[in-house]
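Each ligand, and each atom within it, is numbered from 1 in the order the structure gives.
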Amino acid sequence: MVRRNFIKKSLIGGLGATALVGCDNSNDKATYPRIISTWEHGLAANQEAWKKLTSGSNGISSIESGVKISEADPSVRSVGYGGLPDREGIVTLDACIMDKYSNCGSVSYLQNIKHPISVARLVMEDTPHVMLSGKGALDFALSKGFKQESLLTDQSKKDWLNWKKKSNYSPVINIENHDTISMLLIDQNKDLFGACTTSGAAWKMHGRVGDSPIIGAGLFLDNEVGAAAATGLGEAVIRTSGSAMVVELMRQGYSPLHACKTIVDRISKIHKSGPDWEYLQVGFIAINKKGEYAGYSLKKGFNYAVCDKQNKNLLMDADYFI
Ligand code: SD4
């Protein structure tokens with residue numbers, strides 16, 4: 001069942017007039033430039049990216065700057081600084097970035113670096129590789145002048161100690177541990193860029209890497225077709241190569257909404273009788289070459305921020321399956 005989108009609320013000083021608009025097909029409207037990001041904290045990230053883009057920065061610098069806002073914000077509990085740790089109380093970060101030429105860079109299982117997206121960008125630009133992981137990623141970051149710092153805030157440590165009392169790994173959907181920021185940007189030339197950054201699922205096993213640094217899973221784009229990115233339980237997204245599949249469906253002519261919905265249906269079929277069904281949430285955002293976009297999730301509660309000239313910067317409730 002597809003439910004209609006409605007615009008929930010708007011932000012933000014500098015960009016947005018307040019708007020409340022009823023059900024419509026606004027997400028089918030083509031326009032560019034346009035930036036879409038997962039979750040409510042995507043509003044602030046969009047605002048920064050938009051500011052950069054419209055003052056002359058290129059697409060890749062604009063999305064990097066945008067998602068860095070979430071990485072630095074300790075109130076965003078599953079990205080960068082302030083992100084919830086793994087079972088051992090250690091914050092480990094995953095991030096990736098991709099540009100219009102299909103250049104991409106990624107870091108996984110990175111520790112003590114506040115802006116993994118910037119390290120991912122340098123992996124893309126300054127190495128012959130796509131992904132660096134763990135100590136190698138950290139060494140690379142240090143060689144590029146990044147400074148080590150603790151990312152575990154007092155609040156996150158408190159939450160972890162609290163969690164440890166029961167040590168029950170049962171993610172709470174849509175809050176705390178499902179707030180990866182994924183951002184997709186189409187610029188004034190209709191070129192596409194994408195970024196994704198997270199501290200991953202809270203209370204994950206130490207060493208666990210999710211979908212977010214995996215090109216094709218957490219993020220994918222093809223500049224001839226469109227871009228897609230994911231949030232939610234990474235294992236489910238990896239199993240279906242989620243973002244790559246959404247883009248491939250758009251290549252076949254599906255709308256962004258239909259493409260996202262098809263992959264969410266597939267994830268639902270695979271997991272329906274599995275042990276993680278109860279807490280499973282996945283959401284996708286997608287944008288095509290015309291700037292048409294959509295967000296769609298398995299369960300109710302996923303929202304995403306859309307920034308363009310017409311709508312300013314709005315938080316949209318995604319359509320959902322259940
Ligand atoms: C992960 N996909 O590590 C990430 C978590 C997430 O919104 O998206 N949270 O599985």
Would you say [X] and ligand 1 have an N/O pair spaced under 3.5 Å apart?
X      : result
Gly234 : yes
Ser78  : no
Gly200 : no
Thr180 : yes

Legend entry - For atom 10 (O) of ligand 1, the option (of Arg208, Gln281, Glu235) bearing the nearest heavy atom: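 Answer by nearest heavy atom: Arg208.
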Legend entry - Among Asp94, Asp211, Thr231, Thr180, the one residue meeting side-chain hydrogen bond (donor to acceptor under 3.5 Å, both in side chains) with Thr198: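 The residue from Asp94, Asp211, Thr231, Thr180 that satisfies side-chain hydrogen bond (donor to acceptor under 3.5 Å, both in side chains) with Thr198 turns out to be Thr180.
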Inset, instruction - Report the part of Arg77 in contact with ligand 1, treating N, CA, C, O as backbone and CB onward as side chain, heavy atoms under 4.0 Å; options are side chain, backbone, both, neither. - result: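 It is neither; nothing of Arg77 touches ligand 1.
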Inset, instruction - Answer side chain, backbone, both or neither: which part of Ser212 comes under 4.0 Å from ligand 1, heavy atoms only. - result: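 For Ser212, the contact with ligand 1 is made by the side chain alone.
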Legend entry - Proximal ligand 1 atoms for Asp211, defined as those under 4.0 Å from one of its heavy atoms: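 Listed by number with element: 1 (C), 2 (N), 4 (C), 10 (O).
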Inset, instruction - Kindly assign one of parallel, tilted or perpendicular to the pair Phe302 and Trp39, based on the angle between their ring planes and the thresholds 30° and 60°. - result: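 Taking Trp39 first and then Phe302, their aromatic rings stand perpendicular (interplane angle over 60°).
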Can you tell if the side chain of [X] reaches within under 4.5 Å of the side chain of [Y], non-hydrogen atoms only?
X      : Y      : value
Met131 : Ile214 : yes
Arg208 : Glu235 : yes
Val79  : Ser199 : no
Tyr109 : Ile90  : no

